Peer 1: 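This is the structure, below, for whatever I ask next.
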Number of protein chains: 2
Amino acid sequence: MIPRAAKTQRRTRIQEEKEEKILEAALDVFSAYGFRGATIDQIADAAGMSKPNLLYYFRTKEAIHRTLLDRMLFTWLEPLRAFDPEGNPESEIRSYIRRKLEMSRDFPRESRLFANEIIQGAPHIEDELRGPLRELVDEKAQVIRAWIKAGKIARCDPYHLIFSIWSTTQHYADFDVQVQAVLGDKSGEGRFEDAARFLETLFLRGLQVEKPGA
Amino acid sequence: MIPRAAKTQRRTRIQEEKEEKILEAALDVFSAYGFRGATIDQIADAAGMSKPNLLYYFRTKEAIHRTLLDRMLFTWLEPLRAFDPEGNPESEIRSYIRRKLEMSRDFPRESRLFANEIIQGAPHIEDELRGPLRELVDEKAQVIRAWIKAGKIARCDPYHLIFSIWSTTQHYADFDVQVQAVLGDKSGEGRFEDAARFLETLFLRGLQVEKPGA
DNA sequence: CGATAAATTGACCGATTGGTAAAAGCTTAC
DNA sequence: GTAAGCTTTTACCAATCGGTCAATTTATCG
C-alpha cells in the first residue's frame with residue numbers, strides 16, 4: 001500500500017525507478033518556479049504519470065521538495081567540506097572556486113532550486129542553515145583565519161570571502177539567462193574557462209597569495 | 001471608470017495613493033514568492049483592500065508585476081550608468097561596488113524581485129536584458145578594456161568583472177537569510193561596512209589598482 | 001445643494017489547486 | 001495456477017486561483 005513503508009521493508013524496482021523519475025521531473029519544475037509556483041500536475045505531467053499515481057509515491061508536494069532539498073544540501077556543501085586545512089592556501093582556494101564553478105555548470109537546476117528556496121526566505125531549510133551549514137562555515141573560517149595569522153594570505157574577513165566565492169560561482173547557474181543575454185548565446189565550454197580564469201585570478205591576486213614581486 | 005485612462009486624463013489623488021499602496025504591497029509578495037507563487041488575494045490583503053478594488057487599479061496580476069519590474073530595472077542600472085570613463089579606475093570601481101551594496105541594503109525587496117525573475121528564466125523581461133541591459137554592459141566593458149590597455153588596471157575579462165560585482169553585492173540582499181544564518185542575526189550596519197571593506201579590498205587588489213609596492 | 005464621475009463592494013464565474021477514495025489492473029512468490 | 005500485495009486509474013472533493021459584474025457608496029465639482 002504505502003510504498004515508503006511496505007510490509008517487506010524492501011523497495012521494489014518499480015518504486016526505485018518511479019521515485020527517481022518523479023524527483024527528476026520535480027527538479028525541473030521546482031527550480032523553474034519555486035515551491036509555491038510549482039504544481040503537482042506539472043510535475044506529474046513532466047514525469048509522465050497521473051497525479052494520483054505520483055501522490056502514491058510522495059504523499060505531498062512538500063515531501064518531494066524536501067527530498068530534493070536534502071539531497072541538494074549535502075552535495076552543495078561537498079566542495080567546502082573538501083577544503084583542507086593542511087593544504088596550501090593558494091591551491092585550496094583555487095580548487096574550491098573551480099569545484100563550485102563546476103557544480104554551477106553541471107547542476108544548474110539544483111543550484112536554482114537552492115537559490116529559489118533561500119531568496120524566498122528558506123522556509124523549509126532554515127534549521128539546516130543555522131545548524132550544519134553554519135557550523136561548517138565556522139570551521140572553515142577558522143582555517144582561513146589561521147592562514148592569515150601565518151601570513152600565508154592577506155588579512156580579510158573569512159566569512160565574506162566565503163560568501164563572495166559562493167555568489168560569484170553560483171551566479172553562472174542562477175543568473176544564467178542574464179549571463180547569456182549579455183554575452184550572447186555562444187556555447188558554454190569557452191565561457192566556463194573564461195569565468196574560471198577570471199575568478200581564480202581575482203581571488204588569488206585579491207588575497208595576495210602569489211609571491212610579492214615587482 | 002477605468003482609472004488609467006480617465007476622461008479627465010488627470011490622475012486623482014486617490015489613484016496616486018492607492019496605486020502606490022498596491023505596488024508597495026505587491027513588492028512584498030512578489031519578492032517573497034515569485035510571480036507564479038504570488039496571489040492577487042495576498043497582495044490585496046497586504047494593501048488593505050478588496051480584490052476587485054485592487055483589480056480596479058491594475059487590470060491583471062501581470063500588470064502589477066510589469067510595473068514593478070520596469071521601475072526596478074531602471075534604478076537597478078543606475079549605478080552602472082554612473083560608471084565614468086573619465087574618472088580614475090580605482091575610485092570608479094570602488095564607488096560602483098559601494099553603490100551596488102547600498103542598493104542591496106536599501107532595496108532588498110527590489111533585488112529579490114529581480115532575482116526571482118531572472119532565476120525563473122526572465123520570462124517577462126528577456127527583451128530588456130538582451131536589449132538595453134546588454135548595450136549598457138557592452139559600453140561599460142569597453143571602458144574597462146580601455147583602462148586595461150592604458151595599463152591602469154590588470155588584464156581581465158571585463159564582462160566577468162561586472163558579473164562578479166553584481167553577484168557579490170546582490171548576494172547580501174538575495175541570500176540575506178543565509179548570510180544571517182551564518183553570521184548570526186546581529187544588526188546590519190556593522191555587517192554592511194564589513195562587506196564593503198572586504199569587497200573593495202578584494203576587487204582593488206585583484207585588479208592591482210594600487211601602486212606596485214614591496 | 002444636486003449631479004456626475006470615481007471608488008468600493010459582495011456575489012459570483014470557470015479553471016486550477018493539493019489531495020482523497022475506491023476500485024481495477026498488474027507483479028510477484030508460492 | 002492463484003492469492004496477496006503492489007501499482008495505476010477514474011472519479012471526485014473542498015479550497016483557492018485570476019478575474020468579472022452589477023450594484024452601491026463615496027468624492028468631486030458647479
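Here is how names work: the chains are called A, B, and so on, in the same order as the sequence lines, proteins then strands, and each is numbered from 1. All values derive from a computational prediction rather than experimental measurement.
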Peer 1: Among B:L183, B:V182, B:D176, find the residue that satisfies the side chain to side chain contact (heavy atoms under 4.5 Å, CB included) test when tested with B:Q180.
Peer 2: B:D176
Peer 1: Pull out every residue in residues 22-39 of chain A that has a heavy atom closer than 4.0 Å to any atom of DNA chain D, ordered by number, or say none.
Peer 2: none
Peer 1: Is it the case that atom CZ in A:F107 sees more than 12 heavy atoms from other parts of the structure closer than 6.0 Å?
Peer 2: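 No, the 6.0 Å shell around CZ holds no more than 12 heavy atoms from other groups.
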Peer 1: Any carboxylate oxygen within less than 4.0 angstrom of a Lys/Arg side-chain nitrogen, looking at A:R98 and A:E193?
Peer 2: yes
Peer 1: Run the salt-bridge test on A:R130 and A:E126 with the 4.0 Å N-O cut-off and return the result as yes or no.
Peer 2: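 A salt bridge is present here (some side-chain N lies under 4.0 Å from a carboxylate O).
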Peer 1: Strictly below 4.0 Å, N to O, side chains only: are B:R94 and B:E90 in salt-bridge contact?
Peer 2: yes
Peer 1: Mind checking whether A:Y172 and B:H160 have ring centres under 6.0 Å apart?
Peer 2: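 They qualify: ring centres under 6.0 Å apart.
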Peer 1: Using a cut-off of strictly less than 4.0 Å, decide whether A:Y56 has a side-chain nitrogen or oxygen near OP1 or OP2 of D:dT7.
Peer 2: yes
Peer 1: Give B:K18 one of three labels, base, sugar-phosphate or nothing, depending on what nucleic acid heavy atoms sit under 4.0 Å from its own.
Peer 2: sugar-phosphate
Peer 1: Quick one: sort the A:H65 and A:F35 rings into parallel, tilted or perpendicular, breaks at 30° and 60°.
Peer 2: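 Because their plane-to-plane angle lies in the 30° to 60° range, the rings of A:H65 and A:F35 count as tilted.
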Peer 1: Salt bridge (Lys or Arg N to Asp or Glu O under 4.0 Å) for A:D174 and A:R112? Distances and angles first, verdict last.
Peer 2: CA-CA 5 Å; A:D174 303 343; A:R112 279 192 287 267; over 6 Å; no
Peer 1: Within the modelled atom types, does a donor on one side and an acceptor on the other bring the side chain of B:K51 and the base of D:dG19 under 3.5 Å apart?
Peer 2: yes
Peer 1: From the options D:dC21, C:dG18, C:dG19, select the nucleotide whose nearest atom is closest to the side chain of A:D41.
Peer 2: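 Out of D:dC21, C:dG18, C:dG19, the nucleotide with an atom closest to A:D41's side chain is C:dG18.
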Peer 1: Within residues 113-127 of chain A, which residues have any heavy atom lying less than 4.0 Å from an atom of DNA chain D?
Peer 2: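 Nothing qualifies; none.
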